[in-house]
Amino acid sequence: MSQVVNAGFPLLTVTAAVPAVGAILTAAVPAARRTAAKWLALLVSLGTLVLAALVAIRFEPDGDRYQLAESHAWIKDFGVRYELGVDGIGVALIALTALLIPFIILAGWHDADPLETKSKRWRPTQGFFALILMVEAMVILSFEATDVFLFYILFEAMLIPMYFLIGGFGDRAHAGTDDNAAAQRSYAAVKFLLYNLVGGLIMLAAVIGLYVVAGNFSLTEIAQARANGSFEMATNTERLLFLGFFFAFAVKAPLWPLHTWLPNAMGEATAPVAVLITAVVDKVGTFAMLRFCLQLFPEASKWATPAIIVLALISIVYGALLAVGQRDIKRLVAYASISHFGFIIMGIFAMTSQGQSGATLYMVNHGISTAALMLVAGFLISRRGSRLIADYGGVQKVAPVLAGTFLVGGLATLSLPGLAPFVSEFLVLVGTFARYPVAGIIATFGIVLAALYTLVLYQRTMTGPVKEEVRAMPDLKARELVVVAPLIALLLFLGVYPKPVTEIVDPAVRHTMSDVQQKDPKPEVEAAK
């Protein structure tokens, strides 16, 4: 049963409102006070991190499913409510979002400094950081929303600031006088927007259909009505609604074959914005599969599982194979992320507690590891002025700290034991093997490919003779070390002690398994007895 506990102080609203108000204040800072705007954005993000920590502290893993709940009338005529509540999965992802935003802001400290182009346009510093904070507010609120219509509004609204971040701010490696680069950024931004808008429009039709059959938009009320038998959906209706929701989430995730917008978006965006896309925004898609698809449409979720497992396997292998053949550093990381999202989705739909716990932990660990690798790659690219792997060589001899952190980020990406992603990938594979052994075997091929593209990338950029163009390359500076060091420390800590995350998410996973009426398969040895 989906039970909601009423909260006193509106902590969830405040946690999302602080970055939203901070975005407005940052945008209002006078143009001549760019540095003040940066510091304001950073302080707001740190304040949001404190509030996210309070949410995690106040959350009781063994308590009610949705806690710190808030519910207020919004659009009475249509039964829409401003309804919030968090389970363990939402708490973990809110913490991840709030944790990464300060590092994204610090890493992008100079990415929006004024830069005149041929068309005499200037890149607004205040706008860059204000947009990042606005995305943070919408993402956090989407992890809190338990009203389906409210979630849909947030799901679509976050596309607007992301569109401007992708299209309006590009790498220093090809910003300024290159009109072709500006056209590529515009193309990437429009492609990102169109793909996600199409998915959102299909989801809107499903949201309306859900209201027609359920009479309201409240996730908790619908789930509770289904649990006590007072509400049922016709099988075909449930499956159609599931497909409408899942399609939108698969675009956002992204899942093959709806993935093609991601390499363009990550390739043309600045490194911090690329991290914002894949480590923060894309997690809304996989989170929504757990919260909405499985909880609202349990029968349809089981019906669609075989097809989704196949698509996830294609994403794992296809993304890894394309990563192996990439010449562009950022596009390589993008295709690697497609492969990793395949693991996450496979874990969700394996319908085992190990698989879903591993998938949730994978969302957190992937966010940290991708942030570490992509931000160090961004520092590297800003020094050389090129994203091409062939333009580097021997970097470890002139910038050993940069090379070392790049290596740790890469090793985390290939899920080396002792680093955080290994635990989550292991759980996903164990959970998948338990129910779909053939799928588990095929998925392990993605691990081999991950080792290949990661180590080849390091070899070609960091080892070998020192190229003349990188001979004077400086090592990481103090600000950059502040960005990278905590992420590396987290990868090591969660690699050996993932309990702080798993003990929060495991009760939520048990609720989800109950929603779809699934139990973990018994081991064959035990069954034989």
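Just the heavy atoms: all of them, side chains too, but no hydrogens, waters or symmetry mates, feed the values below.
- Scored by the side-chain contact (heavy atoms from CB on, under 4.5 Å) test, T432 finds M346, A350, V428, Y436, A439 as partners (sequence neighbours excluded).
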Taking distance alone, no hydrogens or angles, what donor-acceptor pairs closer than 3.5 Å link side-chain atoms of residues 280-290 to residues at least two apart or in another chain?
| from | atom 1 | to | atom 2 | distance (Å) |
| --- | --- | --- | --- | --- |
| K283 | NZ | T278 | O | 2.9 |
| K283 | NZ | H366 | ND1 | 2.9 |
| T286 | OG1 | K283 | O | 3.2 |

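- Annotation: Y318 is in aromatic contact with H259 [ring centroid separation under 6.0 Å].
- Under the ring pair (Phe, Tyr, Trp, His ring centres under 6.0 Å) criterion, Y152 pairs with no residue, sequence neighbours left out.
- Applying the side-chain hydrogen bond (donor to acceptor under 3.5 Å, both in side chains) criterion to N196, with sequence neighbours excluded, gives no partner residue.
- The salt bridge (charged side-chain N to carboxylate O under 4.0 Å, His left out) contacts involving residues 344-354 comprise nothing, where partners must be two or more places apart or lie in separate chains.
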Kindly list each side-chain donor-acceptor pair under 3.5 angstrom involving residues 241-253, sequence neighbours excluded, with atom names and distances?
| from | atom 1 | to | atom 2 | distance (Å) |
| --- | --- | --- | --- | --- |
| K252 | NZ | F155 | O | 3.3 |

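- Applying the side-chain contact (heavy atoms from CB on, under 4.5 Å) rule to A489 yields no partners; only residues at least two apart in sequence or on another chain are considered.
- Contacts classified as side-chain hydrogen bond (donor to acceptor under 3.5 Å, both in side chains) and involving residues 300-315 (residues at least two apart or in different chains) are not found.
- Every residue meeting the side-chain hydrogen bond (donor to acceptor under 3.5 Å, both in side chains) condition with S424, not counting sequence neighbours, appears here in chain and number order: N365.
- Within the 4.5 Å cutoff, the side chain of L361 has no heavy atoms near those of the L494 side chain.
- By the ring pair (Phe, Tyr, Trp, His ring centres under 6.0 Å) test, Y211 pairs with F217, sequence neighbours left out.
- Remark: Y82 engages no residue in a ring pair (Phe, Tyr, Trp, His ring centres under 6.0 Å) (not counting sequence neighbours).
- Side chains of Q356 and T512: no donor on one and acceptor on the other come within 3.5 Å.
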Run the side-chain donor-acceptor check on residues 443-455: report pairs under 3.5 Å with partners two or more places apart or on a different chain.
| from | atom 1 | to | atom 2 | distance (Å) |
| --- | --- | --- | --- | --- |
| T444 | OG1 | I441 | O | 2.4 |
| T454 | OG1 | A450 | O | 2.8 |

